Number of protein chains: 2
Amino acid sequence: MKRTTIKDVAEAAGVGVATVSRVLSGGSASPETRERVLAVAAHLDYRPSALGRNLRQQRTGGIGLLVPDLTDTLYGRLAEGVLACARSAGEPVVVGSTGDDPEQEAELIGMLLEQSVDRVIAVPSGDAEVWGPAMRAGMTVVFVGEQPEQEPGDDDPLDELLLLDGVRSAPRPDSAIPTVLADDRSGVRTAVQYLKGLGHRRIAYLGGPGHPRRVAAFRQALGPLADEDLIVFAGGSRDSAYAAASSLLQSHRDVTALLAGGNPLGEAAVLASRELGLRIPGDLSLVMYDDVPWAELCSPPLTVIAQPGQDLGYRAAELVLRAGARRPRGVLLPTELIVRGSCGPRP
Amino acid sequence: MKRTTIKDVAEAAGVGVATVSRVLSGGSASPETRERVLAVAAHLDYRPSALGRNLRQQRTGGIGLLVPDLTDTLYGRLAEGVLACARSAGEPVVVGSTGDDPEQEAELIGMLLEQSVDRVIAVPSGDAEVWGPAMRAGMTVVFVGEQPEQEPGDDDPLDELLLLDGVRSAPRPDSAIPTVLADDRSGVRTAVQYLKGLGHRRIAYLGGPGHPRRVAAFRQALGPLADEDLIVFAGGSRDSAYAAASSLLQSHRDVTALLAGGNPLGEAAVLASRELGLRIPGDLSLVMYDDVPWAELCSPPLTVIAQPGQDLGYRAAELVLRAGARRPRGVLLPTELIVRGSCGPRP
DNA sequence: CTGAAAGCGCTAACAA
DNA sequence: TTGTTAGCGCTTTCAG
């Protein structure tokens, strides 16, 4: 099964290959020739091979997407956003799942490098190191949803962003990697204020790997009420999340409110409190990061901080496709506190 | 920023390019030469370009994955399965989201063709037609989770499969596209038996696009109790699912049990019955297709038919990677009825 | 406006 | 065991 090549088309149309190439990429040609070439190409069902083109142009043209886990609906939505944008640009997307593990992330980056995929969107797994090779190779990288690391003490760089048509952005120094983020700070602050307003004083945070900005925002929003003992972290697995939730709730019975910094963490919190006989929101108020369709179906319906998952992906894709052009240093998308039934006044 | 090529390595090592190629792909070479080449390659941080190799070999080596919607956790898990298998084979995965729309599916197939991705795993969106070009181009295709269409009257082809280490499989005629499926028939049958056993007689089915096997199994399992009026289909969107559920429950108040043929459908059913003041399981018993972490957190916890999402993907990837070899015509993975709290005796 | 020809990086035949 | 060489399909000068 031999594939139709440009040469076949050229011969069949009685022109040179260069002419065919020109016609197909919108170059100049006499209307007459153009017509004939197009007709022949259509008739032969000719599809230019990306292989040849890519080799010639030294780039794949596709875009890479690295997320921690497609099972997490947030990343599912994010991926859909990226795919939507990529499709409208006609670009293929190579997807990798890192499991939030820098090692796997590095491996996937290597794979993309090998494929000459020179544009990548990634939810970085924390270790900035692994991106060295990518940068050195001149990859266009856009981070989304996370920042690789936060210089301790360094103030949040995105704070300087300006509000611009509903979204904040600013010119970026060439060194930094553009980043698309949800406004965690504001989301967390709103949630904490809400809980404080309900009278809660012992408010815990249950986090997973990553999301340093959420934790920082949590500490800041809580101010003097913050207690490091009430800030706990689980690993990436569901078991680990459950264990962390359970142990937190068991060893600190005075906790009356909990902010779960992610979806799986929220599930774990519900399960654990149920197991411990804690009633939501009677004994424990719960706010979960990230809205999902089923949050409403839960018992009780979960109050959540919603992130625009799809938008995050779409914007990131826009950014990475606008390579070369003057791009904003970052984009900050709004979050929203959706109040349902999982929070109540302090018991 | 010029990339290091095989030529650079060859020069630096004082050998020919062919030797470098051989060494790097495990061909024969004197230990001495091999050592030197490897050392030089490592020192130069050389990465063979997939572009050159692919063009030469006339294939990309990557694998394509087409799913309806990454937002649906089943497909998220499925994708994770594919990615896991692909990673262990060192293959990149190009992902596309079809939205269950044959047109988009066709477009994505075209894109893969253009990229010379010659191995594809797909959850087909129903129209077998669109796979014509792929087959003609000699693509290795594996279907997963769905079959493109069921010849009406034709008995289920997978029924002939043999049980083989916990999984059924059989040699396939070369014409058919290998397919990895969850055992819908058995899943639906079990669920229907269960509902019948609870005394239900008016059992409805709420389906989305696709899944003809589930519907067929439903009719068959219900036997004389089947009523076409109680078998309704929604489009792909959440709104459409809700509308269908709502209208079904409103116009047939005698329905006491409902089988939701998918996750979004299940959500819709819960929402709609809540809206209509129907209590689950008091007034309506509900079984939902596909288990998800939050089914347990629902109120009440949902009884579900679980599919091994990740396995489906993994097996499909195994199959597509074993191209050329004698492959089974299909794989049938077991489903499981997980009884929780959403079903009760007929009111 | 068009065609001939030179590669892009790699592998596989063929020589040595 | 090695090196030389011929392309894979395409784009892009460079002549005509």
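Chain letters run A, B, ... following the sequence lines, proteins first and then strands; every chain starts at 1. The structure presented is a predicted model; accordingly, all values stated were derived computationally and were not measured. We use all heavy atoms of the structure for the numbers below, so side chains are in, but hydrogens, waters and symmetry mates are not.
- For the pair R34(A) CZ and dG3(C) P, the interatomic distance rounds to 14 Å; values are reported in whole Å.
- At whole-Å resolution of the value, NZ in K7(A) and C1' in dA5(C) are 13 Å apart.
- Ion pairing between E107(B) and R87(A) fails under the 4.0 Å rule for side-chain N and carboxylate O.
- Note on residues 92-135 of chain B: pairs passing ring pair (Phe, Tyr, Trp, His ring centres under 6.0 Å), not counting sequence neighbours, are W131(B)-F143(B).
- In this structure, OG on S97(B) lies 5.5 Å from CG on D69(B), to the nearest 0.5 angstrom.
- Close to dG9(D), at under 4.0 Å from its OP1 or OP2, lies no side-chain N or O of S49(A).
- DNA chain D is contacted by both R36(B) and Q57(A); R36(B) maps to the nucleotide lying nearer its 5′ end (nearest heavy atom per residue).
- Between the P atom of dA5(C) and the CD1 atom of I6(A) lies a distance of 16 Å, rounded to the nearest Å.
- Between S30(A) and dT2(C) there is a side-chain polar atom (N or O) within less than 4.0 angstrom of OP1 or OP2.
- The CZ-P distance, from R59(A) to dC10(D), rounds to 16 Å in whole Å.
- Following rounding to the nearest Å, L24(B) (CG) and dG9(C) (C1') show an atom-to-atom distance of 13 Å.
- Note: CG (N54(A)) to C1' (dG9(C)) measures 13 Å, nearest angstrom.
- Across all strands shown, L55(B) has heavy atoms under 4.0 Å from base atoms, whether or not it also approaches the sugar-phosphate.
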Problem set entry | Worked verdict on T60(A) versus L51(B) for side-chain contact (heavy atoms from CB on, under 4.5 Å) | CA-CA 8 Å; T60(A) 295; L51(B) 256 38; 3.6 Å; yes

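- A straight line from OH of Y46(A) to P of dG9(D) spans 10 Å, rounded to a whole angstrom.
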Between the protein and nucleotides 4-7 of chain D, are there any N/O to N/O pairs under 3.5 Å, and if so, what are the atom names and distances?
unit_1: dG7(D); atom_1: N2; unit_2: R56(B); atom_2: NH1; d: 3.3

Exercise. Can you check side chain to side chain donor-acceptor pair (under 3.5 Å) on E105(A) and S125(A), steps first, answer last?
Worked result: CA-CA 7 Å; E105(A) 190 177 26; S125(A) 65; 2.5 Å; yes

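- Atom-to-atom distance recorded for R119(A):CZ and L112(A):CG is 12.5 Å, nearest 0.5 angstrom.
- For dG9(C), one of the phosphate oxygens OP1 or OP2 lies less than 4.0 angstrom from a side-chain nitrogen or oxygen of Q58(A).
- Atom pair Q115(B):CD and dG9(D):C1' shows a separation of 14 Å (rounding to whole Å applied).
- The side chain of R53(A) contributes an N or O atom lying less than 4.0 Å from OP1 or OP2 of dT11(D).
- E80(A) has no carboxylate O lying under 4.0 Å from a charged side-chain N of R77(A), or vice versa, which leaves the two without a salt bridge.
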